[in-house]
Colleague: 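One structure is given below, represented as C-alpha cells, and several questions about it will come after.
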There are 2 protein chains.
Amino acid sequence: MKIGERWKRAFELSRKRITPSRKAIVEVLEEQRKHLSAEEIYSCLREKHKKVGIATVYRNLELLSQMGIVHRVNFGDGKEHYEIARIPALHHHHLVCTVCGRVIDYQDFRKEEHEFMEGLGRVLETKYDFLIQSHQLYFYGICKDCRLKEVGE
Amino acid sequence: MKIGERWKRAFELSRKRITPSRKAIVEVLEEQRKHLSAEEIYSCLREKHKKVGIATVYRNLELLSQMGIVHRVNFGDGKEHYEIARIPALHHHHLVCTVCGRVIDYQDFRKEEHEFMEGLGRVLETKYDFLIQSHQLYFYGICKDCRLKEVGE
DNA sequence: CACCAAATGATAATAATTCTCATTATCACG
DNA sequence: CGTGATAATGAGAATTATTATCATTTGGTG
Ligand SMILES: [Mn+2]
Ligand SMILES: [Mn+2]
Ligand SMILES: [Zn+2]
Ligand SMILES: [Zn+2]
C-alpha cells in the first residue's frame with residue numbers, strides 16, 4: 001500500500017480534518033524524501049505557491065509525527081528535521097558526521113536489525129510496562145572528507 | 001578505573017585547562033547521575049554556591065561532550081540533556097514516553113546489544129567510510145501511567 | 001613569579017518553536 | 001446542497017534555548 005493513500009485513512013480514523021496545508025506538507029515530504037527542517041518545508045511550500053503559515057507548518061509536523069506519518073529526527077544541530085515515514089520493510093537509520101553534520105541514511109542489515117529491535121522492544125515492553133511505538137538508532141562519527149581535512153591541517 | 005580520575009587525564013592529553021567551572025560541572029553530573037539540561041546544571045551550581053556563568057556551562061558541556069566525558073541526549077522536548085558517560089560495560093540506552101516525557105535508562109541485553117552494535121558499526125565504517133565513535137538507541141512509546149490515564153478519560 | 005593563550009562572565013543577539021486571537025474552512029448532519 | 005459547530009489557520013508577538021561578543025581573569029608552563 002502506498003503511504004499516500006494510507007495517511008488519508010489515518011486522518012479519517014483519528015477524526016482530523018484533511019486540509020490543503022496538511023496535504024501540501026505531506027506532498028513536499030513525499031517528493032523530497034529528505035530530512036527537512038520546518039523552515040525548509042515552509043520555503044518549499046512558498047516556492048510551490050502554496051500559502052501556509054509557518055505556525056501551521058509546525059503544528060502539522062507535530063500532528064503528523066504523532067500519527068506516525070512523518071518521522072521527526074534530531075541530528076544535534078539545534079533544529080528538528082522531518083522525513084516521510086517509509087513502510088516498515090524500508091525502515092532505516094542514521095549515520096551522522098559530528099564534524100560537518102552530514103547524514104547518511106542506511107538500511108543495511110534491515111532484517112537482522114529489525115528482528116533484534118523487535119526482540120529487544122518486546123522485552124522492554126514487559127519489563128518496564130511500556131507500549132513501544134517506534135525506535136531510532138543513531139551512529140555518530142567522522143566522515144571520510146572530514147578525516148582527510150583533519151590530516152591536512 | 002573511576003571516571004572521575006579519567007577525565008583529568010583526558011584534559012591533560014588534549015591540552016585543555018582544568019578549571020573550577022569544569023570540575024564543578026563534572027561533579028554535578030557525577031553526583032546526580034541524571035539527564036540534566038544546561039539550565040538545571042546551572043541551578044545546581046548556584047545552589048552549591050559555585051558561581052559559573054550560563055555561557056560557560058554551555059561551552060563546557062559542548063567540550064565535555066566532544067571529549068566523551070558526558071553524553072548529550074535529546075528526548076524531543078526542545079532542549080538537550082546531559083549525563084555523565086559511564087564506562088563501556090555500563091553503557092545504556094533510553095525508553096521515552098511520548099506523552100509525559102518520562103525517560104527510563106535501561107541496560108538489559110547489554111552484552112548482546114553491544115555485540116550487535118559493534119558488528120553493525122564495523123560494517124557501516126567499511127561501507128560508508130566513516131569512523132564511528134558512538135551510537136544512541138531510543139525507544140519511544142507510552143508508559144503505564146499514561147496508558148491508564150488515556151483509558152480513564 | 002611572570003607571561004600569555006585560554007577561559008570566563010555579563011549581556012546582547014540569534015534562532016527555533018510556541019502562543020494568541022481574530023478569521024476562515026471542513027465536514028457531519030439534516 | 002446549505003448550515004452550524006468546531007477545528008484549523010495566519011500573522012505576528014512572545015518565549016525559550018543556545019550562541020556570540022568582548023573586556024577581564026586565570027591556569028599552567030618555564
Ligand atoms: Mn532518514
Ligand atoms: Mn541515560
Ligand atoms: Zn563530515
Ligand atoms: Zn508517560
Side-chain angles (χ1 to χ4, degrees), chain A residues 7-28 35-46 48-67 69-70 72-82 98-99 101, chain B residues 7-28 35-46 48-67 69-70 72-83 98 101:
Chain A
W7 71 265
K8 293 193 185 181
R9 205 160 306 168
F11 266 79
E12 286 160 11
L13 285 174
S14 62
R15 287 191 233 80
K16 295 287 174 186
R17 294 177 179 175
I18 296 174
T19 66
S21 326
R22 287 170 183 174
K23 273 193 256 188
I25 291 168
V26 172
E27 209 176 281
V28 164
H35 311 114
L36 300 173
S37 67
E39 207 66 50
E40 284 168 337
I41 292 165
Y42 177 68
S43 301
C44 283
L45 292 171
R46 310 213 82 242
K48 298 175 88 183
H49 307 290
K50 314 249 175 178
K51 22 191 175 329
V52 182
I54 186 71
T56 298
V57 172
Y58 275 103
R59 278 189 288 243
N60 285 328
L61 287 171
E62 170 67 29
L63 176 69
L64 293 164
S65 298
Q66 284 185 347
M67 295 179 72
I69 294 163
V70 315
R72 162 189 271 144
V73 287
N74 186 297
F75 303 127
D77 62 345
K79 49 184 165 274
E80 301 289 337
H81 284 80
Y82 303 84
T98 52
V99 178
Chain B
W7 71 264
K8 292 194 187 183
R9 205 160 306 169
F11 267 78
E12 286 161 11
L13 286 175
S14 61
R15 288 190 231 79
K16 294 287 174 187
R17 293 178 178 173
I18 296 174
T19 66
S21 327
R22 286 169 183 175
K23 273 193 255 188
I25 291 168
V26 172
E27 210 175 280
V28 164
H35 312 114
L36 300 173
S37 67
E39 207 67 48
E40 285 169 337
I41 292 165
Y42 177 68
S43 301
C44 284
L45 292 170
R46 310 213 82 240
K48 298 176 88 182
H49 307 289
K50 315 248 174 177
K51 22 191 175 329
V52 182
I54 186 71
T56 299
V57 172
Y58 275 104
R59 278 188 288 241
N60 284 327
L61 287 171
E62 170 67 28
L63 176 69
L64 292 164
S65 298
Q66 283 185 348
M67 295 178 73
I69 293 163
V70 314
R72 163 190 272 146
V73 286
N74 187 297
F75 303 127
D77 62 346
K79 46 182 167 276
E80 301 288 336
H81 288 257
Y82 303 84
E83 65 183 336
T98 51

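Chain letters run A, B, ... following the sequence lines, proteins first, then strands; residues in each count from 1.
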Colleague: To the nearest Å, how far apart are Leu36(A) CG and dA16(C) P?
Modeller: 14 Å
Colleague: Rounded to whole angstrom units, what separation is found between the CZ atom of Arg72(B) and the P atom of dA17(D)?
Modeller: 15 Å
Colleague: So do Lys16(A) and Arg22(A) actually touch side chain to side chain, heavy atoms under 4.5 Å?
Modeller: yes
Colleague: Testing the basics here: between Val28(B) and Cys44(B), what is the closest heavy-atom pair and its distance to 0.1 Å?
Modeller: CG1-CB, 3.9 Å
Colleague: What's the closest nucleotide to the side chain of Glu80(B) if the choices are dC27(C), dT18(D), dG28(D)?
Modeller: dT18(D)
Colleague: Tell me every residue that passes side chain to side chain donor-acceptor pair (under 3.5 Å) with Glu39(A), counting only those two or more places apart in sequence or in another chain.
Modeller: none
Colleague: Can you tell me the distance, in whole Å, between the CZ atom of Phe11(B) and the C1' atom of dG28(D)?
Modeller: 14 Å
Colleague: What does the inter-axis angle of the helix from dC1(C)-dG30(D) to dG30(C)-dC1(D) come out as, five pairs per end, nearest 10 degrees?
Modeller: 40°
Colleague: Specify the separation, in whole Å, of atom CD1 of Ile41(B) and atom P of dA17(D).
Modeller: 13 Å
Colleague: Charged N to carboxylate O below 4.0 Å: is that the case for Glu62(A) and Arg72(A)?
Modeller: yes
Colleague: Please tell me whether Tyr82(A) and His35(A) form a close aromatic pair, meaning their ring centres lie under 6.0 Å apart.
Modeller: no
Colleague: Just call it for Glu39(B): base, sugar-phosphate, or nothing, with non-hydrogen atoms closer than 4.0 Å on any strand.
Modeller: nothing
Colleague: Verify the distance criterion only: is there a donor paired with an acceptor across the side chains of Thr56(B) and Arg59(B) at less than 3.5 Å?
Modeller: yes
Colleague: Below 3.5 Å between N/O atoms, which protein atoms pair up with nucleotides 7-10 of chain C? Just atom names and distances, please.
Modeller:
residue	atom	partner	partner atom	Å
dA7(C)	OP1	Arg22(B)	NH1	3.0
dA7(C)	OP1	Arg22(B)	NH2	3.3
dT8(C)	OP1	Thr19(B)	OG1	2.6
dT8(C)	OP1	Ser21(B)	OG	3.0
dT8(C)	OP2	Asn60(B)	ND2	3.3
dG9(C)	OP1	Lys51(B)	O	2.8
dG9(C)	OP2	Gly53(B)	N	2.8
dG9(C)	OP2	Thr56(B)	OG1	2.8
dG9(C)	N7	Arg59(B)	NH2	2.7
dG9(C)	O6	Arg59(B)	NH1	3.4

Colleague: Whole Å only: how far is the CD atom of Glu62(A) from the P atom of dA8(D)?
Modeller: 13 Å
Colleague: Just to confirm, is there a sub-4.0 Å distance from OP1 or OP2 of dT17(C) to any side-chain nitrogen or oxygen of Tyr58(A)?
Modeller: yes
Colleague: Identify the two heavy atoms, one from Val52(A) and one from Tyr42(A), that lie closest to each other, and give their separation to 0.1 Å.
Modeller: O-CE1, 3.1 Å
Colleague: Looking only at heavy atoms, what is the nearest atom pair of Ile25(A) and Val57(A), with distance?
Modeller: CD1-CA, 3.9 Å
Colleague: Give the rounded distance in Å between these two atoms: CG of Asp77(A) and C1' of dT18(D).
Modeller: 13 Å
Colleague: When the distance from CG of Asn74(A) to P of dA15(C) is rounded to whole Å, what number comes out?
Modeller: 18 Å
Colleague: Atom CD of Glu12(B) to atom P of dG28(D): distance rounded to whole Å?
Modeller: 9 Å
Colleague: Test side-chain contact (heavy atoms from CB on, under 4.5 Å) on Asn74(B) and His81(B) and set out the steps.
Modeller: CA-CA 6 Å; Asn74(B) 187 297; His81(B) 288 257; over 6 Å; no
